[in-house]
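Reviewing the structure listed below.
Atoms considered below: every heavy atom in the structure, side chains included; atoms not considered: hydrogens, waters and symmetry mates.
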Amino acid sequence: QVQLIESGGGLVQAGDSLRLSCAASGLTFRWYAMSWFRQVRGKERELVASITSTGTRTYYEDHVKGRFTISRDNTKNTVYLQMNTLRPEDTAVYYCGARISSDATYLPRTRAEYDYWGQGTQVTVSS
C-alpha cells in the first residue's frame, strides 16, 4: 500500500519560513518524480514545484521562484519543500504527488500525470 504523508504545515506570519516534508512508503521512491501542489478551497490544485527521480532537475512556478526550494533524500524516501519569505497568498493545503518514471529527466507538471497523492498539510500565512 502506497502512502505519502505530508507534515510541517502550520500557522505563521508573513515573512516567516516553513519546511514541509513528504514521507513515502510502499513504493520504490527513487523511481518516482515528485512534486508539491497546493489548493485553496474552491480553486483548482496548482503546481508549486517538481523534482526528478534523481533530484538533478527541478522546476518552480513563477510565483514561488527564489522563495521556495524543493529537494529530496532518496535514502529517507522523503521530499521536502523549504518555503521562505511566506506571503498570505501562499495560504493553502499543500499536497505532495508521486509519478513513476523511467526517465530521470522527467518533470511532470500537471495533476493528471500523478500516480499517488498525500492527504495534504495546511499552511496558513497571516499578514
Side-chain angles (χ1 to χ4, degrees):
Q1 179 184 0
V2 174
Q3 284 192 308
L4 300 176
I5 301 176
E6 300 97 335
S7 61
L11 172 62
V12 297
Q13 294 186 329
D16 286 351
S17 298
L18 278 175
R19 189 194 196 202
L20 305 184
S21 299
C22 171
S25 61
L27 51 74
T28 305
F29 186 69
R30 67 182 184 277
W31 293 351
Y32 284 77
M34 300 295 295
S35 289
W36 288 95
F37 281 68
R38 66 188 184 188
Q39 188 169 19
V40 175
R41 184 174 296 180
K43 295 189 176 181
E44 292 291 314
R45 190 172 298 186
E46 63 176 12
L47 177 66
V48 174
S50 299
I51 189 166
T52 54
S53 57
T54 58
T56 54
R57 290 183 62 205
T58 56
Y59 171 82
Y60 299 93
E61 287 291 303
D62 286 345
H63 51 269
V64 304
K65 276 182 183 176
R67 300 189 298 124
F68 291 11
T69 303
I70 188 171
S71 62
R72 65 189 295 158
D73 186 340
N74 285 356
T75 67
K76 296 182 178 179
N77 290 359
T78 302
V79 62
Y80 305 98
L81 186 68
Q82 178 67 43
M83 305 187 294
N84 298 329
T85 319
L86 282 160
R87 304 168 179 169
E89 53 265 38
D90 295 318
T91 295
V93 178
Y94 283 72
Y95 298 88
C96 66
R99 164 61 190 256
I100 193 166
S101 175
S102 60
D103 180 357
T105 66
Y106 181 50
L107 280 171
R109 299 186 187 182
T110 65
R111 184 178 175 180
E113 295 176 81
Y114 284 82
D115 301 309
Y116 302 106
W117 294 96
Q119 83 290 345
T121 186
Q122 176 70 48
V123 172
T124 303
V125 184
S126 65
S127 57

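The distance from the CD atom of Gln82 to the OG atom of Ser17 is 5.5 Å, given to the nearest 0.5 Å. Summarising the geometry, atom CH2 belonging to Trp36 is positioned 14.5 Å from atom CD belonging to Glu46; distances are rounded to the nearest 0.5 Å. Here the OG-CD distance, from Ser127 to Glu89, works out to 10.0 Å after rounding to the nearest 0.5 Å. Rounded to the nearest 0.5 Å, atoms CD (Gln119) and CD (Gln3) are 9.0 Å apart.
Looking only at atom types and distance, the side chain of Ser35 has a donor-acceptor partner in the side chain of Tyr114 under 3.5 Å away.
Both Val79 and Tyr116 are part of a single hydrophobic cluster, where members link through side-chain heavy atoms under 4.5 Å apart. Hydrophobic clustering (ILVMFWY, side-chain heavy atoms < 4.5 Å, transitive): Ile70 and Leu4 are in one cluster. Clustering ILVMFWY residues whenever any of their side-chain heavy atoms sit less than 4.5 angstrom apart, transitively, puts Trp117 in a cluster other than the one holding Ile100. Leu47 and Tyr60 fall into different hydrophobic clusters, where Ile, Leu, Val, Met, Phe, Trp and Tyr residues are linked whenever their side-chain heavy atoms come under 4.5 Å apart, directly or through other members. A continuous path of Ile, Leu, Val, Met, Phe, Trp and Tyr side chains, each step under 4.5 Å between heavy atoms, connects Phe37 with Tyr59, placing both in one hydrophobic cluster.
Residues Asp90 and Arg87 are not paired through a salt bridge, judged by the lack of any N-O separation under 4.0 Å between the basic side chain and the carboxylate.
Listed for the Arg72 side chain is no donor-acceptor partner under 3.5 Å among the backbone atoms of Gly55. Arg67 places a side-chain N or O within donor-acceptor distance of the main-chain N or O of His63, the cut-off being under 3.5 Å. A donor-acceptor distance shorter than 3.5 angstrom exists from the side chain of Thr121 to the backbone of Gly9, with no hydrogens or angles considered. Between the side chain of Thr52 and the backbone N or O of Leu107 there is no donor-acceptor pair closer than 3.5 Å. Counting only distance, with no hydrogens or angles, the side chain of Thr78 and the backbone of Asp73 share no donor-acceptor pair below 3.5 Å. Using modelled atom types, one side-chain atom of Gln39 and one backbone atom of Lys43 make a donor-acceptor pair closer than 3.5 Å.
Sorted by first then second residue, the salt bridge (charged side-chain N to carboxylate O under 4.0 Å, His left out) pairs that include residues 103-117, not counting sequence neighbours, number zero. Sorted by first then second residue, the salt bridge (charged side-chain N to carboxylate O under 4.0 Å, His left out) pairs that include residues 1-21, not counting sequence neighbours, number zero. Among pairs with a residue in residues 25-73, none fulfils disulfide bond (SG atoms under 2.5 Å apart), at least two apart in sequence or across chains.
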Query - Step-by-step side chain to side chain contact (heavy atoms under 4.5 Å, CB included) determination, Val48 to Leu81 - result: CA-CA 9 Å; Val48 174; Leu81 186 68; 4.2 Å; yes

Requested in this report: Assess whether side chain to side chain contact (heavy atoms under 4.5 Å, CB included) is satisfied between Arg45 and Tyr95, documenting all intermediate values.
Outcome: CA-CA 9 Å; Arg45 190 172 298 186; Tyr95 298 88; 3.5 Å; yes

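Through side-chain heavy atoms spaced under 4.5 Å, either directly or across other Ile, Leu, Val, Met, Phe, Trp or Tyr residues, Val40 is tied to no other residue.
In this view, Tyr94 satisfies the ring-ring contact (aromatic ring centres under 6.0 Å, His included) rule with no residue, not counting sequence neighbours.
Using a 4.5 Å heavy-atom threshold, the side chains of Arg57 and Tyr106 count as separate.
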Show me, pair by pair, the donor-acceptor contacts under 3.5 angstrom made by side chains of residues 20-33, not counting sequence neighbours?
none

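The side-chain contact (heavy atoms from CB on, under 4.5 Å) with Thr91 is formed by just one residue from the set Leu86, Val123, Val125; it is Val125.
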